Each structure stands twice: as structure tokens, then as C-alpha cells.
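All ligand and atom numbering here is 1-based and tracks the order in the structure. What you are looking at is a predicted structure, and each value in this text was computed from that prediction instead of being measured.
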Amino acid sequence: MLRFGVIGAGRIGKIHAENLANRVPGAEVAAIADVNLEMAQETAARLRIPAVYADYHQILADPNIDAVAICSSTDTHAHIVVEAAQAGKHIFCEKPIDHDLAKIDAALEAVKKAGVKLQIGFNRRFDPNFAHVRELVSQGKVGDLHLLRITSRDPAPPPVSYVKVSGGMFLDMTIHDFDMARFLSGSEVEEVFVAAGVLVDPGIGEAGDVDTAIITLKFANGAIGTIDNSRKAVYGYDQRVEVFGSGGMAAAANNTPHNDVYVDAEGVHAAKPLYFFLERYMESFIAEMKAFVAAVQNDTTPPVGGMDGRIPVVIGMAAKKSYLENRPVKLSEIG
Ligand SMILES: NC(=O)c1ccc[n+]([C@@H]2O[C@H](COP(=O)([O-])OP(=O)(O)OC[C@H]3O[C@@H](n4cnc5c(N)ncnc54)[C@H](O)[C@@H]3O)[C@@H](O)[C@H]2O)c1
């Protein structure tokens, strides 16, 4: 049994704690910590987690805990990674590692020095549809990749208070799409060019962010891609991908709660996409944890490593620069 300490009992911490406790064979949750102790207590009581703390250092000090799942707010990730590595714990860390490349590098260095496993929470790679599209690309079924298209629209914008500390849309939301672009193409992004605006909520603009964007990507293998983002799609969570190449095209459509169709005098009616990430990506949250546990147990390299965590942050920074300076930006300009 791999004994986990879960750090952070908010939206995603609850999901990971529940999956580790009930749906990931070979794992158990030995402790949970949140600065908001009540949040941790509520989850601990529901999942029968034996130890509950306000201070995550108590998890790190427990020699019977093998691994941590870092699910606290983004600004805490990098230093908790360093401390967890120094305490000899294997680490699953939610995305992004940080918004500061120097802090990310220090965290990755600490992990390397300690020789512990690190996996970053880019869960969409484990979505069965997207994984199948990737499989078709790696089997050569799409041929040479020419075009990649990702549509990624949230059902509703986050509160402006969240926007202010999120690092902006590119580092908070599009970061998943940057990871998908690398994953699906099997290539690295070399340049980005962004057109963006505030079309959903003026409050987001006043907070210095955008809510709508088209990002053009140029890849090292010559392919070209686009990501389109909106913070508000009135019909739900719109998550589609398409790869197109010399041998064909592979695409994944939205997941819906059912696939019934009803037809009447008004038209053809079908279900809207699943509402948001908790519904749409539940399977992937379980699969990513199973993969992490397997990597620790079999002493293999976790499928989403430290550099996979760092590179999308660099792409996000390049995207922000491109938007602000209204020009194509090469990733080599960022570092
Ligand atoms: N992979 C995904 O799809 C996905 C989805 C949602 C969130 N996330 C990431 O997960 C992280 C948390 O997001 P969330 O939506 O769950 O936020 P949240 O605000 O719901 O939860 C964060 C929790 O961390 C706690 N916390 C803050 N500082 C702490 C500390 N020092 N020690 C212990 N607990 C601490 C807070 O009290 C809060 O309960 C963010 O980095 C976010 O980017 C990833």
C-alpha cells in the first residue's frame, strides 16, 4: 500500500483524496491537511482518513507516509515540492508548479537531488478519447502532422477574486491546452501568436486579464495549431480536439451525459456537453493517480514529469507577451 498525505482539501483536493481512498488500488490516504482545518476535517470524516492537520509539515514529518498529493493553492506548490522532496516523499503536484520559472527550477532540482518521483496533474492526457487520438498520431495513422485544433471553453467565468490570483487565463486555463498541444502532436511548440480580448466579463479586464483568445502555435516538426478559449460557453464545457495530417484526421468530440436524440417540430434535440471539469474529466483524474501509483511501485518514470510541468508555463508566458506586444513570440525569448 502506498500511503498518501493529501495537502489542500479544496475542489481538486477532495477529488484526489476520494479517488486515492476508494478508486485507486494499492493506495490509501493516511492524512489530509488544509490551512482551513474544517475543510480537511469534513473530507477526513467522509473518507475515514485517520489524521487531519492544519499544517502540512505534520504530513511531511510522518515517516509512515510515502507520497503527497499537493492540491493546495498554486502559490504554495513550489516550496511544498522542495520540502516534500527533502522529506523523501514521492510527489504528485497539481498544475501549475508555479508561475515563476526560477521557483520551478528550484523545485525540480530538489526532486532530482532527493531521487523521488514527481508527477504533474495534467490529467487530460489520461482522458480515454484524447489518449486514443494521441495513440493514432503515434501509430502514424494521421501521417505527418499538419494541423492541430483545440477548442477549450469553460461554461462560466471564475470569480474576479480568483482571476486576480490565477496568473491570468493563459497560465490558469490555457495551460491545460498547451499541455494537450504537446501531448497530441508529440512535438514542441516553438512560437505563439495571440489575439485576445475581454468579451465575457468587464471585471476580468479590470483585473488585467482576458477571457477570450485565439492562440496560434508553430511546432518544431513544422505543424501549425490553434487553440481557441472562452471563459463562457452558454451550452456547457466545450472540449474538442482535432489533429490533421498527410494520412488523415483524428478528432474527439464533447462527452455528453447521454447520447439520446429527440426530434420534434422545433428540430433535433440532444444533450449538452457535460457541465465542467469535475464531470468531464473524472475518469482522467482516477487514471492519472493509478499511473502515478504504478510509477512509484514499479520504480518507473512517471508519465507527466517535471519538464512537462515547466514547458506549458513557458508557453503561457510567451502567450501573454504575444498578447501584450501584439506580435509572434518564440519560446526561446522566455527561457
Ligand atoms: N488538474 C485540474 O483539472 C485542476 C482543477 C482544479 C484545480 N487545479 C489546481 O489545483 C490547485 C487547487 O485548486 P482548487 O480549485 O482546488 O482550489 P481551492 O481554492 O478550492 O482549494 C485550495 C485549498 O488549498 C488550501 N490551502 C492553501 N494554502 C495551503 C497550505 N499552505 N497548506 C494546506 N492547504 C492550503 C486552501 O485552504 C483551499 O482549501 C490549483 O493549483 C489549481 O490550479 C487543477
Side-chain angles (χ1 to χ4, degrees), residues 4-19 31-44 49 51-61 68-84 87 89 91-100 103-104 107 119-127 130 152 154-159 161-180 183 231 237 239 274-289 291-292 303-304 308-309 312-313 316:
F4 274 83
V6 175
I7 301 175
R11 286 189 306 174
I12 201 75
K14 285 190 178 77
I15 296 293
H16 288 318
E18 193 164 335
N19 289 340
I32 187 162
D34 197 302
V35 282
N36 181 342
L37 187 60
E38 270 179 32
M39 296 276 278
Q41 282 167 334
E42 183 274 322
T43 303
I49 298 170
V52 193
Y53 308 117
D55 181 352
Y56 68 86
H57 290 99
Q58 289 180 268
I59 287 180
L60 301 186
V68 291
I70 303 175
C71 308
S72 43
S73 325
T74 298
D75 61 346
T76 66
H77 293 179
H79 73 260
I80 300 180
V81 168
V82 172
E83 290 174 299
K89 311 295 183 201
I91 303 163
F92 177 93
C93 179
E94 261 310 335
K95 47 59 61 177
I97 306 175
D98 202 89
H99 297 146
D100 179 308
K103 286 186 188 167
I104 293 176
Q119 183 170 320
I120 307 302
F122 281 123
N123 57 296
R124 292 185 194 177
R125 293 180 179 221
F126 299 86
D127 174 72
F130 297 162
S152 176
D154 285 354
S161 56
Y162 176 92
V163 169
K164 284 181 182 160
V165 295
S166 69
M169 191 174 78
F170 302 123
L171 287 174
D172 176 55
M173 173 179 171
T174 326
I175 195 160
H176 277 291
D177 307 314
F178 295 141
D179 177 61
M180 285 307 294
F183 174 67
R231 281 287 197 185
Y237 197 34
Q239 298 284 293
L274 288 168
Y275 181 68
F276 209 177
F277 67 92
L278 293 180
E279 296 86 353
R280 170 66 182 82
Y281 288 120
M282 188 49 84
E283 244 180 306
S284 72
F285 290 129
I286 299 168
E288 69 177 348
M289 275 307 177
F292 176 64
V304 194
D308 295 314
V313 176

My understanding is that we take every heavy atom of each candidate and find the minimum distance to [atom]. Doing that for [options], which one comes out nearest?
{"atom": "atom 22 (C) of ligand 1", "options": "Gly8, Ser284, Cys71", "result": "Cys71"}
{"atom": "atom 10 (O) of ligand 1", "options": "Ile12, Ile97, Asn36", "result": "Ile12"}
{"atom": "atom 25 (C) of ligand 1", "options": "Asp34, Asn123, Thr76, Ile15", "result": "Asp34"}

request  = Mind checking the OG1-CD1 spacing from Thr43 to Ile49? Nearest 0.5 Å is all I need.
outcome  = 6.5 Å
task = Measure the spacing between CG of Asp154 and CD of Gln239 and express it to the nearest 0.5 Å.
result = 7.0 Å
ask   = Is a side-chain N or O of Asp34 found less than 3.5 angstrom from the main chain of Ala9, in a donor-acceptor match?
value =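 At least one qualifying donor-acceptor pair exists.
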query = Where is the nearest protein heavy atom to atom 11 (C) of ligand 1: which residue, which atom, and how far?
reply =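 The closest one turns out to be Ser72 O, 3.4 Å.
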task = Distance to 0.1 Å, residue and atom name: give those for the protein heavy atom nearest to atom 21 (O) of ligand 1.
result =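 Among all protein heavy atoms, the one nearest atom 21 (O) of ligand 1 is Gly10 CA, 3.2 Å.
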ask   = With a 4.0 Å heavy-atom cut-off (strictly under), which part of Thr74 contacts ligand 1: side chain, backbone, both or neither?
value = both
query = Where on Phe122 is there a heavy atom closer than 4.0 Å to ligand 1, on the side chain, on the backbone, on both, or on neither?
reply = neither
query = Do Tyr237 and Phe276 have their ring centres less than 6.0 Å from each other?
reply =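 Yes, ring centres under 6.0 Å apart.
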Atoms of ligand 1 close to [X] [distance to a heavy atom under 4.0 angstrom, numbered from 1]:
{"X": "Phe277", "value": "5 (C), 6 (C)"}
{"X": "His77", "value": "41 (O)"}
{"X": "Met39", "value": "39 (O)"}
{"X": "Tyr56", "value": "32 (N)"}
{"X": "Gly121", "value": "1 (N)"}

task = Please confirm whether Arg280 makes a cation-pi placement over Phe130, using NZ or CZ under 6.0 Å from the six-membered ring centre and within 45° of the ring normal.
result = yes
key: 4.5 Å side-chain heavy-atom contact, Gln119 and Asp308   =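 A side-chain contact is absent here, since even the closest heavy-atom pair is not under 4.5 Å.
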query = Can Arg231 and Asp172 be counted as an ion pair, charged N to O under 4.0 angstrom?
reply = yes
inquiry  = For Lys95, is there an ion pair with Asp179 - N to carboxylate O distance below 4.0 angstrom?
reply    = no
Under a heavy-atom criterion of less than 4.0 Å, does [X] contact ligand 1?
{"X": "Lys14", "value": "no"}
{"X": "His176", "value": "yes"}
{"X": "Tyr281", "value": "no"}

inquiry  = Looking at Glu38, I'd like to know if its CD atom is crowded, meaning that more than 12 non-hydrogen atoms belonging to other residues, nucleotides or ligands lie closer than 6.0 Å.
reply    = no
query = If we only count N/O pairs under 3.5 Å, is Tyr162 in contact with ligand 1?
reply = no
ask   = Does an N or O anywhere in Arg11 fall below 3.5 Å from an N or O of ligand 1?
value = yes
message = According to side-chain contact (heavy atoms from CB on, under 4.5 Å), who are the partners of Ala31, at least two apart in sequence or on a separate chain?
response = Ala51, Tyr53, Ile59, Ile65
ask   = Considering residues at least two apart in sequence or located in another chain, which fulfil the ring-ring contact (aromatic ring centres under 6.0 Å, His included) criterion with Phe277?
value =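 Not a single residue meets the ring-ring contact (aromatic ring centres under 6.0 Å, His included) criterion with Phe277.
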task = For atom 1 (N) of ligand 1, decide whether some protein heavy-atom distance is shorter than 4.0 Å.
result = yes
request  = Look at atom 19 (O) of ligand 1 and say whether a protein heavy atom is found at less than 4.0 angstrom from it.
outcome  =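 No, because not a single protein heavy atom sits under 4.0 Å from atom 19 (O) of ligand 1.
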Glu83 and Tyr56: CA distance, side-chain angles, deciding distance, side chain to side chain contact (heavy atoms under 4.5 Å, CB included) verdict = CA-CA 10 Å; Glu83 290 174 299; Tyr56 68 86; 2.4 Å; yes
